[in-house]
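Structure first, commentary second.
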Amino acid sequence: MMTPRDLVATSARALRVNPLRSALTALGVIIGVASVVAMVALGEGAQRKVQASISSLGSNLLIIVPGASRQGGVMFAPGSFNSLTLGDADAIARDIEGVVAVAPSQRGGAQIVADGANWNTRIEGVTPPYLEARDWEVASGRFFDEREARQARKVAVLGATVVKELFPNIDPVGQRIRISNGQYEIIGVLEPKGQSGFGQDQDDIVLAPLQTVKRRVSGRQGRANTVSQISVKAESEGALTQLQVDVETLLRQRHRIGASDTDDFTVQNLSSIADTMKQTTAAFTALLAAISAVSLVVGGIGIMNIMLVSVTERTREIGLRKALGARRKDILWQFGLEAVVLSIAGGIVGLVLGALVAWGVTTLMDVPLVLGVMTAATALGFSALVGVAFGAYPAWRAARLDPIEALRRE
């Protein structure tokens, strides 16, 4: 009777006899596990980056923009008409519960000039609550206050990209820039945010008082009450769905939109967008992992083929062991253990290789590396399962050999 220790020693000795064959046998499992680990790590890293990018726009946030409009039987694209007003923003802040901050804004663009350098960027006219609504901080200097906003003062707060392009070596706070033939004092610099989930550089921006931008940059002085966007921050993520319903109901009432008419505004729920993108990337990751897992099956078939060859080559050895008292169970365990050891060894090597590949790809793509313990454990578990599943038949064949016939075989 063979003890567990004898089984392990015999299996290890059999694998060491043919190291090249053992390595080639495990190659399929190595490639399969490496592919699965790399694909899952890359997919989860991309998912985390997308979530972080969307979250950088602001947490618990609704963004209201003008919707499509119809005039004279002709449908115009979203944003073609100025359907949002400062009165809408005031009504949301006044009449709806669960609102932390409401920030109307007006978007424009201009060429900025400073000390001989120039840069074309986005100019955003905002109110002081904008920073709270968008979860943004001032890195240096300060933000303009309500008095400066009411007086339409020519002050500006720069994003990190604008600072890098116009003031690469000096502190911009206190300097002046020219926007649309007007001199603006720089009073602050924003904390860097990076790209949004939609590929836009959030730091390539200049913030100025809303009325200043409307009068001097965007050319909307005659439409002083309209805005291009309203940001609404909720108390919590759980309150966003109800808040969206309340905002839509209020705006439909204010804009006198009938039950069968199309809204002249669009409310974007960033939480819903983030959930949708999370589900999309998760499904894509699962698809890549499933495709990569096919190579694990191929590796298992390779293990089964090599083990069948091994059984044929070691027929006399099996007959001798049985003649000396080894039971069928001992032979079954011996060859099954060899298959499992090969598969697990391939899984460990594949795990290391997959982690290295994932690190290299995520570094090149500027994506966070996400390699959890559960992913590693699952990969090793599947590799062991492959060894059990595909090593069972060769082990069964070896255990079923008749010792007399085995000893006679050349």
Which heavy atom in A38 sits nearest to a heavy atom in V357, and how many Å separate them? CB-CG1, 4.0 Å

Output for pair (Q106 CD, L210 CG), nearest 0.5 Å, gives 7.0 Å

Are the side chains of V157 and I186 in contact, using a 4.5 Å heavy-atom criterion? no

Do L131 and L190 have side-chain heavy atoms sitting under 4.5 Å apart? yes

Are E148 and R150 close enough for a salt bridge, meaning some N to O gap below 4.0 Å? no

Are S35 and I31 side-chain neighbours, meaning at least one heavy-atom pair lies under 4.5 Å? yes

Roughly how far, to the nearest 0.5 Å, is OG1 of T363 from CH2 of W359? 5.0 Å

Nearest 0.5 Å, please: how far is OG in S180 from CD1 in I123? 7.5 Å

For the residue pair R153 and T212, confirm or rule out a side-chain donor-acceptor distance under 3.5 Å. no

Quick check: do Y184 and L158 have side-chain heavy atoms less than 4.5 Å from each other? no

L243 backbone acceptor or donor facing D246 side chain under 3.5 Å: no

For W136 and Y130, take the angle between the two ring planes, folded into 0 to 90°, and tell me which bin it lands in: parallel under 30, tilted 30 to 60, perpendicular over 60. tilted

Is it the case that atom CD in Q183 sees more than 12 heavy atoms from other parts of the structure closer than 6.0 Å? yes

Under 4.0 Å between a side-chain nitrogen and a carboxylate oxygen: does that hold for D88 and R254? yes

Strictly below 4.0 Å, N to O, side chains only: are K193 and D201 in salt-bridge contact? no

Can you find a heavy atom in the side chain of I92 that is under 4.5 Å from one in the side chain of I64? yes

Please find the pair of heavy atoms, one from L86 and one from P104, that lie closest to each other, and give the distance. CD2-CG, 3.8 Å

Point-to-point distance, once rounded to the nearest 0.5 Å, from CZ of R142 to CG of D145: 6.0 Å

Which atoms form the tightest heavy-atom contact between T127 and F144, and what is the distance? C-CE1, 4.3 Å

In the structure I gave you, are the side-chain heavy atoms of V113 and I177 within less than 4.5 Å of one another anywhere? no

State whether the side chain of S105 and the backbone N or O of G125 hold a donor-acceptor pair below 3.5 Å, judged by distance alone. no

Does the side chain of Q268 reach to within under 4.5 Å of the side chain of T266, using non-hydrogen atoms? yes

Any donor-acceptor N/O pair, K233 side chain to L62 backbone, under 3.5 Å: no

Taking all non-hydrogen atoms of both residues, which atom of R122 and which atom of D204 are closest, and how far apart? NH1-O, 3.6 Å

Measuring only between side-chain heavy atoms, which start at C-beta, is L166 closer than 4.5 Å to I112? yes

